[in-house]
2 protein chains.
Amino acid sequence: MIRVLLAEDQGMVRGALATLLNLEDDIEVVGEAANGEEALTVARDSRPDVALLDIEMPGKDGITTAAELRAALPDCRVVILTTFGRPGYLRRAMEAGASAFLVKDSPAQELATAIRRVLAGERVIDPALAAAALSAGPNPLSPRERDVLAASADGSTIGDVATRLRLSEGTVRNYLSAAIRKTAARNRIEAVQTAQRQGWL
Amino acid sequence: MIRVLLAEDQGMVRGALATLLNLEDDIEVVGEAANGEEALTVARDSRPDVALLDIEMPGKDGITTAAELRAALPDCRVVILTTFGRPGYLRRAMEAGASAFLVKDSPAQELATAIRRVLAGERVIDPALAAAALSAGPNPLSPRERDVLAASADGSTIGDVATRLRLSEGTVRNYLSAAIRKTAARNRIEAVQTAQRQGWL
DNA sequence: GACCGGGGATGACAAATGTCATCGCGAACA
DNA sequence: TGTTCGCGATGACATTTGTCATCCCCGGTC
């Protein structure tokens with residue numbers, strides 16, 4: 001039996017996926033979690049063979065969780081499951097040690113297939129997505145530019161961001177200007193959007 | 001047997017939910033759809049007792065679909081399923097003739113329960129969400145303010161919006177200013193965000 | 001007929017944002 | 001040892017955005 005841990009914040013989706021997986025006669029869901037923290041503690045107890053991690057979770061996200069899980073349980077393979085097939089997500093997931101990267105758009109039966117293939121030592125990645133991730137290149141934003149852009153994402157004013165990040169307003173403007181240039185945007189709203197679309201935040 | 005139509009764009013979630021529902025011995029999924037248009041055509045063929053509609057779908061969204069479905073098949077009850085429990089969504093869903101409003105956060109077994117209760121003539125709504133929707137009041141934005149705010153949501157410049165909506169730049173600024181005031185925001189980014197959070201767009 | 005309210009517009013003004021040049025500091029690096 | 005790069009800052013400047021008063025037109029409605 002393949003022992004699976006399932007981390008997904010939406011209860012209805014989590015329950016449905018668990019049911020789906022438990023119907024497979026070689027798969028058994030041995031733990032469920034609604035966020036990254038929970039996934040780590042549950043994993044330490046249940047010792048799964050594969051952890052299925054959603055990226056978009058409150059608190060600790062799936063990619064961060066993947067990295068910590070790989071460190072804590074090196075034998076446990078990680079399958080990343082996400083709503084958005086963003087190039088930066090894929091890149092970061094691979095760097096965090098994931099063995100597979102699935103988007104929720106794909107048909108349901110691919111989930112069990114991917115789990116089996118991962119356990120056989122394979123890596124499972126949508127070829128089109130892999131190509132997109134490679135052609136998009138790495139994140140061009142410096143860490144600080146990322147911080148500033150992320151802090152601006154909620155509509156905060158430059159003054160707000162400066163206070164929150166303990167920077168001068170001029171500095172914030174400079175970083176934003178650089179981010180806008182690097183994302184080929186016309187203002188920070190567009191910059192935030194392209195950065196998010198690429199998975200750079 | 002309760003005949004259910006399932007409309008949800010994410011293949012993996014749709015498949016899992018279908019499996020979950022088919023396990024119930026009084027429920028049968030008689031049709032699946034990945035968007036609103038498809039849901040309508042499938043419904044005309046499969047004549048479901050209940051249609052389960054996701055709001056966030058590409059093309060025709062779940063609420064619009066609900067209204068058209070109620071017109072085409074008056075005997076078919078509508079259950080709205082959504083990721084976001086936004087007050088405006090609930091309000092619009094009810095106005096579109098929905099019998100139930102579920103958020104995907106809630107546990108999986110609530111889905112089957114809700115379907116049975118809806119078929120028994122009940123309405124199923126999370127009380128906390130209902131209270132939020134009532135206390136939030138109706139959408140304060142005029143139709144045109146809504147248009148302009150929605151057109152600004154993607155980071156377009158005022159000039160862009162003016163061109164797209166065939167308005168003068170000054171007019172766009174005026175509408176945006178009004179929308180900012182009504183949403184108690186400090187700039188249009190915040191205005192867009194609160195409007196989206198309330199389900200006003 | 002008078003009186004709204006919404007849509008659309010103009011002009012003026014203040015405030016916020018974006019751009020650029022320039023500086024200092026420190027760490028990495030060839 | 002000099003060079004490069006990221007971080008942080010300042011000042012000046014042009015542009016964009018947000019606010020406000022004021023106007024016109026039109027379709028209700030009292």
Side-chain angles (χ1 to χ4, degrees), chain A residues 88 91-92 95 136-201, chain B residues 88 91-92 95 136-201:
Chain A
R91 181 179 296 264
R92 278 154 57 201
E95 285 168 3
N139 187 340
L141 302 174
S142 83
R144 216 58 180 131
E145 287 163 359
R146 242 189 61 260
D147 293 344
V148 172
L149 197 56
S152 308
D154 63 345
S156 292
T157 204
I158 286 191
D160 292 344
V161 177
T163 310
R164 211 173 331 150
L165 266 52
R166 313 279 168 78
L167 291 173
S168 97
E169 298 205 6
T171 304
V172 172
R173 283 219 294 263
N174 288 340
Y175 280 130
L176 276 180
S177 186
I180 290 169
R181 187 170 34 75
K182 289 184 179 177
T183 52
R186 285 175 304 172
N187 52 50
R188 60 200 151 130
I189 319 179
E190 278 192 0
V192 165
Q193 299 205 338
T194 41
Q196 283 176 339
R197 194 164 357 102
Q198 298 290 330
W200 289 339
L201 294 189
Chain B
R91 180 180 296 266
R92 277 154 56 199
E95 285 168 3
N139 188 339
L141 302 174
S142 82
R144 215 57 179 133
E145 286 162 359
R146 241 191 64 261
D147 293 345
V148 172
L149 197 56
S152 309
D154 63 344
S156 292
T157 203
I158 287 191
D160 291 344
V161 176
T163 310
R164 210 172 334 146
L165 266 52
R166 314 277 168 78
L167 291 174
S168 98
E169 299 206 5
T171 304
V172 172
R173 282 220 294 264
N174 289 339
Y175 281 131
L176 276 181
S177 186
I180 290 168
R181 187 169 35 76
K182 289 184 178 177
T183 53
R186 285 175 306 171
N187 52 51
R188 60 197 151 137
I189 318 179
E190 278 192 359
V192 166
Q193 298 205 339
T194 39
Q196 283 176 339
R197 193 163 0 100
Q198 298 290 330
W200 288 341
L201 294 187

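Basis for what follows: all heavy atoms, side chains included, without hydrogens, waters or symmetry-related copies. Within every chain, numbering begins at 1; the chains are lettered A, B, ... in the order of the sequence lines, protein sequences first and strands thereafter.
Under a 3.5 Å cut-off, the side chain of A:Arg92 and the backbone N or O of A:Gly199 do form a donor-acceptor pair. Between the side chain of A:Ser177 and the backbone N or O of A:Arg173, no donor-acceptor pair lies under 3.5 Å.
Annotation: proximity of residues 161-192 of chain A to DNA chain D (heavy atom, distance under 4.0 Å) is found for A:Leu167, A:Ser168, A:Gly170, A:Thr171, A:Arg173, A:Asn174, A:Tyr175, numbered in ascending order.
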- Message: Run the side chain to side chain contact (heavy atoms under 4.5 Å, CB included) test on A:Glu190 and A:Asn187 for me, step by step, so that the C-alpha distance in whole Å, both residues' side-chain angles and the decisive distance to 0.1 Å come before the verdict.
- Response: CA-CA 6 Å; A:Glu190 278 192 0; A:Asn187 52 50; 3.8 Å; yes
- Could you please spell out the steps behind the side chain to side chain contact (heavy atoms under 4.5 Å, CB included) verdict for B:Leu165 and B:Asp147? CA-CA 8 Å; B:Leu165 266 52; B:Asp147 293 345; 4.3 Å; yes
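Taking atom CG on B:Leu149 and atom P on C:dG7, their separation rounds to 14 Å, with Å as the unit. Counting to the nearest Å, the P atom of C:dG6 and the CG atom of B:Asn139 are 13 Å from each other. Here D:dG6 presents its P atom at 14 Å from CZ of A:Arg146, a figure rounded to the nearest Å.
Checking A:Arg164 against A:Ser156 by side-chain atom types alone, a donor-acceptor pair falls below 3.5 Å.
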